[in-house]
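Have a look at the structure below, then the notes.
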Number of protein chains: 2
Amino acid sequence: MYLIGELSKQTGVKIPTIRYYEEMGLIEKPHRTSGNQRQYEREGLERLSFIKHARDLGLSIEDIRELVDLSSSPEKSCKQAHEIAHHHLQFIKAKISKLRKLEKELKRIALLDDEGHVGKCKIIASLADHRLCKGEH
Amino acid sequence: MYLIGELSKQTGVKIPTIRYYEEMGLIEKPHRTSGNQRQYEREGLERLSFIKHARDLGLSIEDIRELVDLSSSPEKSCKQAHEIAHHHLQFIKAKISKLRKLEKELKRIALLDDEGHVGKCKIIASLADHRLCKGEH
DNA sequence: CCTCAAAGCTCTAATGACTAGAGCTTTATT
DNA sequence: AATAAAGCTCTAGTCATTAGAGCTTTGAGG
């Protein structure tokens, strides 16, 4: 149905990355044409979309592998999938709050406007001296 | 003044990372003792703190190298340091807003609570089908 | 049928920012 | 003098790709 280039276009996953996913066992080895070219079915497209989507959400390959394994063993409960998603949500929340602190401090630093030489540049001084931070990190 | 272990404790930068920074030319090669051990002065401690702080803020090694170079060439203006900090601020802002979108979607996904088998697990379906997203990413 | 570009293939190596381990030497303490 | 802790160098591994070399296959035009 699709050659690798088409699959790449459809999903937005770059060609070497698709091959890498295959090597990692994240996607199944597709059927090959007589000329040894990978040929994907709709199923392969869907799985790759799944992976792309999960990667965009920031899940690690290992997380995704777990989800993929879950989805191919239908006797296992959905609970584990929930756990993975939930766990990742906590992770994202933590990351956001951390970044917000950084944003605050960077704002403070970037808005210092002196025009002196670097020897007394406040930005550099501010980066050099952690005590000048308003918050900790 | 400080051996590498002490420097590591003071700054929170791990020992192999300190040596890596040295190899990258990010910190100066320190004086060695007769027994070939690295010996740092307060100056070295300060530079490493600077680097640590900037890394914590998410600046890349290359950004930091630029700042380091700036700070050792006092004739250059502070403007460039501002530019780097400002540019990074924009980057952080973009990252935060991206993560917020992800948070929203993950919340939506993680709160789907079905107890069926994975074959119809909404989480997995939701990850597989990008069209189910409320927003794009 | 032939040619030629585009797209495919495999394999190796690079990226960034570390981190870990092997196998050794130096230092400090008992 | 012995031993443990901390240092050293060097190599290789991590994660998730990405890039490049050098080759083959495919499809379209002449």
Side-chain angles (χ1 to χ4, degrees), chain A residues 1-27 29-41 44-45 47-68 88 91 95 98 102, chain B residues 1-27 29-41 44-45 47-68 84 88 91 95 98 102 137:
Chain A
M1 293 278 179
Y2 318 92
L3 289 179
I4 199 165
E6 185 58 22
L7 192 70
S8 171
K9 256 175 222 154
Q10 294 282 326
T11 59
V13 179
K14 293 201 182 117
I15 291 172
T17 307
I18 297 174
R19 298 201 269 242
Y20 164 76
Y21 286 164
E22 181 183 327
E23 205 190 347
M24 294 295 97
L26 217 57
I27 58 180
K29 294 189 180 197
H31 177 245
R32 300 287 185 117
T33 66
S34 57
N36 200 34
Q37 304 195 336
R38 289 167 178 84
Q39 214 169 22
Y40 298 90
E41 311 283 330
L45 174 70
R47 165 157 296 189
L48 190 55
S49 299
F50 168 95
I51 293 166
K52 175 65 157 60
H53 192 181
R55 284 294 299 137
D56 283 349
L57 287 170
L59 280 94
S60 72
I61 295 293
E62 276 321 298
D63 277 347
I64 294 170
R65 196 196 303 280
E66 276 186 69
L67 290 171
V68 161
H88 191 63
F91 177 77
K95 209 161 175 176
K98 218 173 164 186
L102 302 189
Chain B
M1 291 280 184
Y2 318 93
L3 289 179
I4 199 166
E6 185 59 23
L7 193 70
S8 173
K9 254 174 225 157
Q10 296 279 327
T11 58
V13 179
K14 292 199 183 118
I15 291 172
T17 307
I18 296 175
R19 298 200 270 241
Y20 164 77
Y21 287 163
E22 181 182 326
E23 204 189 347
M24 294 296 98
L26 216 57
I27 57 180
K29 296 192 180 196
H31 178 246
R32 300 286 185 118
T33 66
S34 58
N36 200 33
Q37 306 195 333
R38 288 167 178 83
Q39 213 168 22
Y40 297 91
E41 311 282 330
L45 174 71
R47 166 159 294 188
L48 189 56
S49 299
F50 168 94
I51 292 167
K52 175 64 160 60
H53 193 182
R55 284 294 297 135
D56 283 348
L57 289 170
L59 282 95
S60 71
I61 296 292
E62 276 320 299
D63 276 347
I64 295 170
R65 196 197 304 280
E66 276 186 69
L67 290 172
V68 160
I84 292 168
H88 191 64
F91 177 77
K95 209 162 177 175
K98 220 175 165 184
L102 302 190
H137 41 249

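Every chain is numbered from 1 and lettered A, B, ... according to where its sequence line falls, protein lines coming before strand lines.
- In this model, the phosphate group of dA17(C) is not approached by any side-chain N or O of Tyr21(B) to a distance below 4.0 Å at OP1 or OP2.
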- Message: As a quick check of understanding, evaluate side-chain contact (heavy atoms from CB on, under 4.5 Å) for Met1(A) and Gln39(A), giving each step before the final call.
- Response: CA-CA 6 Å; Met1(A) 293 278 179; Gln39(A) 214 169 22; 5.8 Å; no
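- What separates CD1 of Ile18(B) from C1' of dA20(C) is a distance of 16 Å, to the nearest Å.
- Note: CD1 (Ile64(B)) to C1' (dC18(C)) measures 13 Å, nearest angstrom.
- Atom CZ in Arg47(B) sits 11.5 Å away from atom OG in Ser49(B) (nearest 0.5 Å).
- Phosphate proximity of dC9(C) to Arg19(A): present, with a side-chain N or O under 4.0 Å from OP1 or OP2.
- The phosphate of dG16(C) (OP1 or OP2) has no side-chain N or O of Tyr20(B) nearer than 4.0 angstrom.
- Residue Ser60(B) places no side-chain N or O under 4.0 Å from the OP1 or OP2 atom of dG16(C).
- Taking atom NZ of residue Lys9(A) and atom P of nucleotide dG8(C), one finds them 8 Å apart after rounding to whole Å.
- The nearest whole Å value for the distance from the CD1 atom in Ile15(B) to the C1' atom in dA6(D) is 8 Å.
- Look at Arg38(A) and you won't find any side-chain N or O under 4.0 angstrom from OP1 or OP2 of dT26(D).
- Between Ser34(A) and dT26(D), a side-chain N or O to OP1/OP2 separation shorter than 4.0 Å is present.
- As rounded to whole Å, 12 Å separates atom P of dG20(D) from atom NZ of Lys14(A).
- Proximity of Thr17(B) to the phosphate of dA17(C): no side-chain N or O atom is located under 4.0 Å from OP1 or OP2.
- Comparing Glu62(A) and Thr33(A) against DNA chain D, the residue whose closest nucleotide sits nearer the 5' end is Glu62(A).
- Closest to the side chain of Ile61(B), out of dG7(D), dC9(C), dC18(C), is dC18(C).
- Separating the CZ atom of Arg32(B) from the P atom of dT25(C) is a distance of 16 Å, rounded to the nearest angstrom.
- Judged by closest nucleotide on DNA chain D, Ile4(B) is the one of Pro16(A) and Ile4(B) placed further toward the 5' end.
- Counting only heavy atoms from C-beta on, Arg55(A) has its side chain closest to dA16(D) among dC18(C), dG8(C), dA16(D).
- Contact check on Glu62(B) versus Arg65(B) returns a salt bridge, with a Lys/Arg side-chain nitrogen under 4.0 Å from an Asp/Glu carboxylate oxygen.
- Distance OG1/Thr11(B) to NE2/His53(B): 13.5 Å, rounded to 0.5 Å.
- Side-chain proximity of Asn36(A) to dT26(C), dT10(C), dT17(D): nearest is dT10(C).
- Distance CG (Leu3(A)) to P (dA7(C)): 11 Å, rounded to an integer number of Å.
- Atom C1' of nucleotide dT9(D) and atom CD of Glu22(B) are separated by 12 Å, given to the nearest angstrom.
- Checked by atom type and distance alone, the side chain of Arg55(A) never pairs as donor or acceptor with a backbone atom of Ile64(A) at under 3.5 Å.
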